[in-house]
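One structure is given below, encoded as structure tokens.
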Amino acid sequence: MPDLPKHYDHQAAQTRCRGLWDSLRLWHAEPPAAGEPPGRVFSIVIPPPNVTGALHLGHALNNTLQDILVRARRMQGFRTLWMPGTDHAGIATQAVVERRLLEEEKLSRHDLGREALVARIWAWKEQYEQRILGQLRDLGASCDWDRVRFTLDEQCAAAVREAFFRLFQQGLVRRGKRLVNWDTFLQTAVSDDEVFHEEVKGHFWHIRYDVIDPEAGEPESVTVATTRPETLLGDTAVAVHPDPAAALAAVEQDLRQKRAAATAKEQPAIDAALDDLAARRRDLLPRLETLTAMARAGRQVRLPLLGRAIPLVADEWAKPEMGSGCVKITPAHDPNDYDVGRRQNLPMVNILNPDGTLNAEGGPYTGLTMKKARQQVVADLEAAEQLEQIEDRLIDLAHSDRSKTPIEPYLADQWFIRMAELAQPAIDAVADERIRIVPERYAKGYLDWLSEKRDWPVSRQLWWGHRIPIWHVAGVSEADLVAAFGDRETIAWTSDEAGGWFVCSSDESLPVDTVAGQPLERDPDVLDTWFSSALWPHSTLGWPAATPELACFYPTTTLVTSRDILTLWVARMVIMGLFDTGELPFREVSIHPKILDRYGETMSKSKGNGVDPVDVIEALGADALRFALAGMATETQDVRMPVDFQCPGCGHLVEQTTSNRTKPRIDCPKCGQAFRTQWATSEADLALPRGPAVSEKFEAGRNFSNKLWNATRFVLMSLGEKPAFPLPSLEPDSLELADRWLVSRLASVAREASAAIDEYRYAELARILYGFAWDEYCSAYLELSKSRLADPARQAQARAMLLLGLDTILRLLHPIMPFVTEEIWQHLREAAGTRRMPWDDQTAPLPESIMVAPWPAPPAAWIDEQTEKQFATFLAVVGGIREIRARQNVPPRQRVPAAIRCPAELASLLEPMRGAIESMAVVELTGLGPTAAGAADATTATAAGCDLLVDLADLVDVDAEIARLEKDNAKTAGFIKAKQAKLANEKFTARAPAEIVAGERAQLVELEERLAKGREALAALQSRQARAR
RNA sequence: GGGCAGCUAGCUCAGUUGGUUAGAGCGCCACGUUCACACCGUGGAGGUCACAGGUUCGAAUCCUGUGCUGCCCA
């Protein structure tokens, strides 16, 4: 047997295990050969990480959980595929590269041009894809590395074109105006999901619009208020409520209802609001009603500064309970106004250029930026005396998540996918549970979102992505198109409703550049990045080709993802999977929590609170990381992870806080040495050693690895020189109590672990195995085996049982901690390669890797509750004696006399464990049974129905023991009192189930016995104290 | 504004259909380098289960409300 070092070397093991797995390609999956049955199939597609940057802890969690499922199923004999890959992440990646381009070379994308920029992004992609895949391998992810895909690779691109073409052909793609969130920095529309809101200090300007030719009794002007005065240049109406009296009444009723339910503290505020409402009814309502009538009569007001006449309209968007009751309408630059514009058939005047400056509609302000235009407009309004009031106000301003600049709502032509028809089947699939979302509660969000059936805007004004396969041609007839493309099934077209045509093709390019002499112009936009993601489960398997992979592994089994992309990604995969293949993309969705920092904020690189998983992998091992992450994957939403910087000089941990987390260098408060962080950019800082961001949470996993390693050292040392290991005898009659117990526990634990995996209870899986391996196998069984190993008659069985236990633990733990379990398994294989587990193929050699070793499947018959109970008694006795010793500070190695007084049945049970008790509790048993008597001054305790009498002689501190017993007795007396009161309650005895009442009675008896013994012991000690004086 | 969660030991979290004296890891205290492991062992201290009501013989658990935190959607 080789000498194993005392500490597990995770780095060496990781290198060795990866080499083994890679050389055997154990992670590779093939569809069955023709005629071969597929057997049980398990497949997962990775949620492809964005090539924007390196992986963080959230990815580590996501992929650890997938790997747990994949490794377990593989061991269980499933044909198991885990499809790896990365996502091009459209806007996110382009934004990162553009920002660097600007920072480092002071160039914009327009300086570079489309082709050159895309080439730059490809270079970025290559770099980060390598980094990401390397991180996944470091993590131990057993993806099929022969099948790595990328959402923008040729196979995925073909799928994207085909899917889009089919949608187009079926009339599900439409062109339309849409108010988009315009990022003036990136000059693209961004989706709602890529927008964040931030409150900024701003103003509320009240502007007077004059009524054109007011008649007698009519107001001469209306006042509207806005936070964005420059948008008035695009105003096309002023709105008043169609029925202001009714609207006010509705608001009032609402307030009265609120007041009735309000607390006394809240009522004054509501009363004030009611007073205000009454004042409005009195002072403002007549004027509003006049305005409503004027609106109905088609009257107009004059737009300040530009002098344009715009209509008064009656629309419910105007709120009579707020401000002047009138509101300006800018349909092309405000989402609410856009809706009003559609309802009222108003012109929509776009005043913006894509770069955020004003276009020709801005009149004298043309060419100014929005910011400058605002200053100028305000100054001019003031000069024209049309500004009535300026209020300070906090404004909720939308910002682009990518460029961090304010968003301008902007009207633009976009491509949409109609959801009315597509959404329903995806709703049904979850509603009738053909797709199961775990935990279930997340299904609601999915269903609510889909049920809105909002059309999906899929075009993005970007250069990085799948270019929309649509060309435009004008000035030709349909007959010309038929002549040009009529015989091609891969080309379809539709009218642009302005005399031209949109031509869509599933081929990469059209066969011709012109139709009837007219040029075909390709749409410059690319598709929303989620479009290719939506195809991921089937595109990666080769769709639209009918590949063997698609036939075997699609639909996939499970999708593992975090909750925030349930709609953006999961729902769309269901939609497109069904549309393209007619089948669901997966059966179950396992949703896991997000990892937050110590303040409860989500981790992100930009905040600086992230952790690079590789830091943890290098410092403590991939298994430590995986164990901790699995342990955190409970059903709760958030997991907080306080992070520390580890000083590379002295190892001291420096708390990561909001104040230091973005610093490029930190001075260690302990050793004074400076170290760098991920933010270091200056040469001086980069020269410093790196202080990795870690968390103590990972140490438990590292310690656990080491525990397993050392348990293995013990087992290997115990095997002796010439190991030959048949299966241990498992005949119940031939087994000692400890063996029956181990076998029973192995069976229980294997079943619990399997169930936890089936139900995606990752944290429970980790906890079960940790507790069993550490507290039961190592602390109890392994300790017990020590005396047996010294006994030639019992040695062989003990060795075999130790191996059975260790091998089973390793296999159950392998999905969570693949490296340490493999490393150990290889050592065991070398030392005891002839062994077989009951669930192994008895005729074949032991598998080459634990990765493909059969999953433990102990029969239910092994579970023996009686034995487990008996064993618990034994452990309780040992614990009780240890407690006495510890309390009295008995030197750990000093053997003391002890007796156990207990009923005969317990005694006969404990008798075979006599030696074990003596060694584990370091005592010499002087008596065991109903009449066992301890020394006169023995220190006592009770445990599991046994009186433990430990003779500590002079070792005992009488005064301290008296004090402790008094406290203990008082506590017991308190419990007794509470129990008696409970049992005296007739309602309890009458209504509670009989077994509960009986249980309470039994406990009362036990407590009373304990108190009697405690008092007896106290009396003995007191007389001893008296004697001593 | 609507929806979904969370609030349990100093920290991070478990706690199954309501039922003994509410658990784990880390941290803390005491003792111990012993022969698998000090990345260890043995023992201990530490909780009004956010708050207020309610249902019940009995509530961390079920119901209602409040507060704070997070996320999603408008």
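Letters A, B, ... are given to chains in the order of the sequence lines, protein chains preceding strands, and every chain is numbered from 1. Just so we're clear, the structure is a prediction, and the values are computed from it rather than from any experiment.
B/C35 and B/A45 have their P atoms separated by 29 Å, with the value rounded to a whole Å. Separation of the P atoms belonging to B/A59 and B/A22 is 14 Å when rounded to the nearest angstrom. With P as the reference atom, B/C4 and B/C62 are 15 Å apart, rounded to whole Å. Nucleotides B/U61 and B/A50 place their P atoms 8 Å apart, quoted to the nearest Å. Spacing between B/C13 and B/A5 at atom C1', rounded to whole Å, works out to 16 Å. Nucleotides B/U21 and B/G58, compared at atom C1', are 15 Å apart to the nearest Å. Rounded to a whole angstrom, the distance from the C1' atom of B/U56 to that of B/U12 is 34 Å. Nucleotides B/G23 and B/G47 have their P atoms positioned 13 Å apart, rounded to a whole Å.
For B/U21, its base sits under 3.5 Å from the side chain of A/Arg1010 at one donor and acceptor pair at least.
Rounded to an integer number of Å, the gap from CZ of A/Phe627 to P of B/C26 is 10 Å. Between the NZ atom of A/Lys707 and the P atom of B/C26 there is a distance of 11 Å, rounded to whole Å. A/Tyr770 places its OH atom 14 Å from the C1' atom of B/A14, with the value rounded to the nearest Å. Protein atom CD of A/Glu699 is 7 Å distant from nucleotide atom P of B/G27, rounded to whole Å. In this structure, A/Asp334 places its CG atom 14 Å from C1' of B/A74, rounding to the nearest Å. Between the CH2 atom of A/Trp774 and the P atom of B/A38 there is a distance of 11 Å, rounded to whole Å. Rounded to a whole Å, the CG atom of A/Asp644 is 12 Å from the C1' atom of B/U12.
In this pair, A/Phe704 and A/Tyr770 present their aromatic rings perpendicular. The plane angle is above 60°, beyond the 30 to 60° band. Classification of the A/His827-A/Trp709 ring pair by plane angle, with boundaries at 30° and 60°, yields perpendicular.
Nearer the 5' end of RNA chain B, as judged by each residue's closest nucleotide, is the contact made by A/Arg767, out of A/Glu883 and A/Arg767. Comparing A/Asp775 and A/Asp564 along RNA chain B, the residue whose closest nucleotide (by nearest heavy atom) sits nearer the 5' end is A/Asp775.
The side chain of A/Pro642 approaches B/C11 more closely than any other nucleotide in the set B/A14, B/C11, B/G25.
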**Request:** Could you walk me through whether A/Ser590 and A/Tyr762 pass side chain to side chain donor-acceptor pair (under 3.5 Å), step by step?
**Result:** CA-CA 10 Å; A/Ser590 168; A/Tyr762 313 96; 2.6 Å; yes
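The number of heavy-atom neighbours closer than 6.0 Å to CZ of A/Arg342, taken from other residues, nucleotides and ligands shown, is 12 or below.
With a 6.0 Å cutoff to the six-membered ring centre and a 45° limit on the axis angle, A/Lys786 counts as a cation-pi contact of A/Phe714.
Residue side chain A/His7 meets the stacking definition with respect to B/C39: its ring centre sits within less than 5.5 angstrom of the base's six-membered ring centre, and the planes differ by less than 30 degrees.
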